[in-house]
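The structure under discussion appears below in the form of structure tokens.
Sequential numbering from 1 along the given sequence is applied to the chain's residues. Please read all numbers here as calculations on a predicted model, not as lab measurements.
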Amino acid sequence: MLEKMEILDVEKLIGDFEVMTKDAENVQRETLKMILEENGCAEYLQNMGLNGRTDPESFKACVPLVTHKDLEPYIQRVADGAFSPILTGKPITTISLSSGTTQGKPKFVPFNNELMETTLQIYHTSFAFRNREFPIENGKALQFIYSSKHSKTKGGLFAGTATTNVFRNPQFKKAMTAMQSECCSPDEVIVGPDFHQSLYCHLLCGLIFHEEIQLVSSTFAHSIVLAFRTFEQVWEELCDDIREGVLTSRITFPSVRSAMAKLLKPNPELADLIEKKCSRLSNWYGLIPELFPNVKYIYGIMTGSMEPYLKKLRHYAADVPLISADYGSSEGWIGANINPSLPPESTTYAVLPNIGYFEFIPLKENVEGHMQENGNVSFLSTEPKPVGLTEVKVGEEYEVIITSFAGLYRYRLGDVVKVMGFHNSTPELKFVCRRNLMLTINIDKNTEKDLQLAVEEAAKLIAEEKREVIDFSSNVDVSADPGHYVIFWEISGEVSDEVLKECCNCLDRSFVDAGYVSSRKVKAIGPLELRVVWKGTFHKILDHYLRLGAVVSQFKTPRYVGPTNNKVLQILCDNVAKNYFSTAF
């Protein structure tokens with residue numbers, strides 16, 4: 001039994017959060033002051049001319065807005081082992097690698113103890129609100145989490161994905177225990193060197209502890225869907241392992257086999273029960289509650305690029321609530337989900353005002369003028385000044401700027417959020433899309449969200465034939481003039497050419513951006529092309545990123561494959577089964 005002192009005091013956590021968010025403006029000023037005092041001796045800040053000042057006005061006047069590209073030389077020096085303080089007062093000992101699915105290659109991002117502390121604060125805060133709505137008792141969590149190997153940079157710093165740096169931190173396991181969410185899988189499975197073997201063992205551990213599982217989770221919804229798609233393929237083998245008490249030969253790593261041997265004992269009754277449950281399911285609907293009768297909810301990031309997986313996840317979940325996890329990135333955290341009873345599509349994130357200093361660039365176009373040239377309208381626009389955390393307006397969209405305890409100052413995160421309301425004086429944000437993921441040829445601008453909506457609309461046509469879009473991506477083909485959009489689909493089964501032609505037309509019509517529609521009408525943009533790829537193509541893309549050192553926990557299918565992502569584009573193009581051109585315009 002867990003000692004009472006080890007379990008989080010949910011009501012105290014909520015009380016502290018309420019106090020802090022009632023005074024968000026002052027908390028922000030104090031947080032910025034703390035960040036600048038702790039790191040004022042760092043070379044980057046020394047060069048800015050702050051001269052010890054820590055107020056927001058001086059900070060904004062002296063320190064410019066930056067992107068990762070601007071900070072890359074500084075971060076590289078840190079990674080190379082520079083002795084003097086470069087970005088932070090205390091030495092950075094660990095580097096996080098971003099997933100790399102956005103730009104085609106991972107970015108280096110500083111990771112330190114302060115960032116780990118903010119991670120735990122986010123975890124604790126959202127758990128407090130979640131546990132008030134969906135209380136869990138002392139049980140176990142089926143967590144599809146994977147930790148890549150730590151490598152070392154040229155300067156001897158540990159380097160791993162952001163999730164690896166969290167999962168390997170001793171504080172993580174303590175936090176899971178305190179939140180009564182201890183992973184049912186042994187550490188050897190989580191840190192196992194082969195993702196496919198770890199996934200199989202996670203499923204096996206879940207079945208062994210099937211009555212104790214209170215929640216199913218992963219970093220992203222994609223990983224949960226992938227896990228249960230895999231279960232459909234291997235469930236009979238899992239039952240054989242349980243019946244005989246002997247692990248399949250597909251698990252080859254001695255450390256993983258040894259850890260699983262301690263859990264796996266012959267249990268023919270459980271094997272028979274699982275077989276019975278699986279055989280009576282219709283198309284695997286309600287698989288999760290059927291296998292885990294005491295599961296309270298399913299938890300992971302389900303917003304943004306994860307929304308397309310919700311339909312399949314709901315199919316597996318039946319009536320089990322889906323709760324979207326918190327809002328952050330490799331660079332740092334922003335907000336917690338404090339309204340867990342809302343469906344994922346409506347999830348908002350309340351910003352914690354003490355985990356960083358936040359600014360927001362309004363995204364309303366501020367057009368000062370335009371000029372006519374060769375028949376084309378050219379807009380001259382100035383970017384609006386950023387506003388503070390408490391100055392944002394409900395209903396408006398903004399780009400997020402973060403100043404963190406880990407050496408990022410006025411850093412443009414590239415995320416677009418919409419302010420849905422306020423909790424006390426801190427805003428509740430809805431994630432909209434990544435700002436730089438955009439389909440564009442001339443005056444057209446279609447975001448990741450626009451692409452997602454178009455795919456959802458067109459996918460309704462194949463749903464009538466009981467088929468689904470397993471995954472999708474896009475590209476702009478400008479090899480011929482005029483350029484055109486290319487949408488890649490992987491589909492769950494055969495669909496007639498007639499229906500797919502209509503899907504292609506529907507995709508084309510569903511991009512309602514005025515620049516796109518007008519360009520299509522005058523043939524400045526060519527007909528949209530739908531390319532249907534062979535089944536398993538997107539798994540090849542996942543395997544490609546795993547070979548680069550990514551982990552499944554952090555993997556996001558790239559929704560737009562740009563010119564820097566040649567290898568992924570090659571995988572997609574090499575696996576095209578059929579293609580169609582729109583006749584919608």
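Taking the side chain as every heavy atom from C-beta outward, Glu468 and Ile491 never approach each other to under 4.5 Å. The side-chain heavy atoms of Leu546 and Asp543, taken from C-beta on, include a pair separated by under 4.5 Å. Val432 has its side chain within reach of Glu397: a pair of non-hydrogen atoms, C-beta onward, lies under 4.5 Å apart. No side-chain heavy atom of Asp240 sits less than 4.5 Å from a side-chain heavy atom of Thr248. Inter-residue side-chain proximity for Phe231 and Cys278 is flagged as met; some heavy-atom pair is nearer than 4.5 Å. The closest side-chain heavy-atom distance from Ser198 to Phe144 is not below 4.5 Å. At a threshold of 4.5 Å between non-hydrogen side-chain atoms, the residues Cys201 and Val256 count as touching. Using a 4.5 Å heavy-atom threshold, the side chains of Val568 and Pro558 count as touching.
Within 6.0 Å of atom NZ in Lys418, 12 or fewer heavy atoms from other residues, nucleotides or ligands are found, so the atom counts as exposed in its surroundings. Annotation for Asp319: atom CG does not count as buried by contact number, only 12 or fewer foreign heavy atoms lying within 6.0 Å.
The NE2 atom of His124 lies 12.5 Å from the CG atom of Leu352; values are rounded to the nearest 0.5 Å. With values rounded to the nearest 0.5 angstrom, Asp471 atom CG is found 12.5 Å from Trp489 atom CH2. Distance CZ/Arg257 to CE/Met260: 10.0 Å, rounded to 0.5 Å. Distance CG/Leu226 to CG/Leu199: 6.0 Å, rounded to 0.5 Å. With rounding to the nearest 0.5 Å, the separation of NE2 in His202 from CG in Leu207 is 13.0 Å. The CG atom of Leu291 sits 10.5 Å away from atom CD1 of Ile213, with the distance rounded to the nearest 0.5 Å.
Under the 3.5 Å distance criterion, with hydrogens and angles disregarded, a donor-acceptor pair is assigned to the side chains of Gln452 and Glu456. Asp415 and Ser329 are not linked by any side-chain donor-acceptor pair at a separation below 3.5 angstrom, with hydrogens and angles left out of the test. In summary, the side chains of Tyr146 and Asp194 do not present any donor paired with an acceptor at a separation below 3.5 Å, with no hydrogens or angles considered. A side-chain donor from one of Gln197 and Thr252 sits under 3.5 Å from a side-chain acceptor of the other. Counted by atom type alone, Tyr327 and Ser126 present zero donor-acceptor pairs between their side chains at under 3.5 Å.
Side-chain atoms of Thr537 do not come within 3.5 Å of backbone N or O of Val533 as any donor-acceptor pair. Distance alone, capped at 3.5 Å, places no donor-acceptor pair between the Arg559 side chain and the Ser474 backbone. Panel note: side chain Ser279, backbone Lys276; a donor-acceptor pair is recorded below 3.5 Å. Side-chain atoms of Asn131 come within 3.5 Å of backbone N or O of Ile136 as a donor-acceptor pair. A donor-acceptor pair is defined here as one N or O able to donate and one able to accept, closer than 3.5 Å; no such pair exists between the side chain of Asn339 and the backbone of Leu342. Counting only distance, with no hydrogens or angles, the side chain of Asn475 and the backbone of Val486 share no donor-acceptor pair below 3.5 Å.
Shown here for Ser185 and Ile190, the closest heavy-atom pair between the two residues is O-CD1, 4.3 Å. A pairwise comparison of heavy atoms in Cys184 and Gly206 identifies SG-N, 3.8 Å as the closest pair. Here the shortest heavy-atom pairing between Ile298 and Ala317 reads CD1-CB, 3.4 Å. The minimum heavy-atom distance linking Ala458 with Cys506 is given by the pair CA-SG, 3.7 Å. Nearest heavy atom pair, residue Ser324 against residue Thr347, reads CB-OG1, 3.6 Å. Taking each heavy atom of Tyr485 and Leu439 in turn, the nearest pair found is OH-O, 3.2 Å.
Taking the six-membered ring where tryptophan is involved, the planes of Phe228 and Tyr316 are tilted, since the angle between them lies from 30° to 60°. The aromatic rings of Phe17 and His423 are tilted relative to each other, their planes meeting at an angle between 30° and 60°.
Using a 4.0 Å cut-off between a side-chain N of Lys or Arg and a carboxylate O of Asp or Glu, Glu502 and Arg509 qualify as a salt bridge. For Lys535 and Glu490, the salt-bridge test fails: no basic side-chain N is under 4.0 Å from an acidic carboxylate O. Between Lys277 and Glu275, no side-chain nitrogen of the basic residue sits less than 4.0 Å from a carboxylate oxygen of the acidic one, so the salt-bridge criterion is not met.
Residue Tyr349 forms a side-chain hydrogen bond (donor to acceptor under 3.5 Å, both in side chains) with just one option from Thr303, Asp326, Asn337, and that option is Thr303.
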- Apply side chain to side chain contact (heavy atoms under 4.5 Å, CB included) to the pair Leu310 and Met302, showing each step before the final yes or no. CA-CA 7 Å; Leu310 289 177; Met302 299 179 188; 3.7 Å; yes
- CA sep, side-chain torsions, deciding dist, call: Tyr309, Ile224, side chain to side chain contact (heavy atoms under 4.5 Å, CB included): CA-CA 9 Å; Tyr309 304 108; Ile224 306 173; over 6 Å; no
- Task: With side chain to side chain contact (heavy atoms under 4.5 Å, CB included) as the test, would you mind laying out the steps for Leu429 and Ile334 before giving the verdict?
- Result: CA-CA 9 Å; Leu429 309 176; Ile334 293 106; 4.1 Å; yes
- Begin from the C-alpha positions of Arg314 and Glu345 and carry the test salt bridge (Lys or Arg N to Asp or Glu O under 4.0 Å) through to its verdict. CA-CA 12 Å; Arg314 284 198 170 100; Glu345 295 88 344; 2.8 Å; yes
- Quick one: do Leu215 and Gln143 satisfy side chain to side chain contact (heavy atoms under 4.5 Å, CB included)? Show the steps, please. CA-CA 8 Å; Leu215 69 135; Gln143 293 180 309; 5.6 Å; no
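Seen from the ring of Tyr580, Lys578 does not count as a face-on cation partner, given the 6.0 Å and 45° thresholds.
Remark: aromatic rings of His196 and His539 are close, center separation under 6.0 Å. Taking the six-membered ring for Trp and the full ring otherwise, His210 and Phe292 have centroids separated by 6.0 Å or more.
Residues meeting the salt bridge (Lys or Arg N to Asp or Glu O under 4.0 Å) test with Glu457, sequence neighbours left out: Lys460.
Residue pairs meeting the side-chain hydrogen bond (donor to acceptor under 3.5 Å, both in side chains) criterion with at least one member in residues 285-295, sequence neighbours excluded: Arg280-Glu290.
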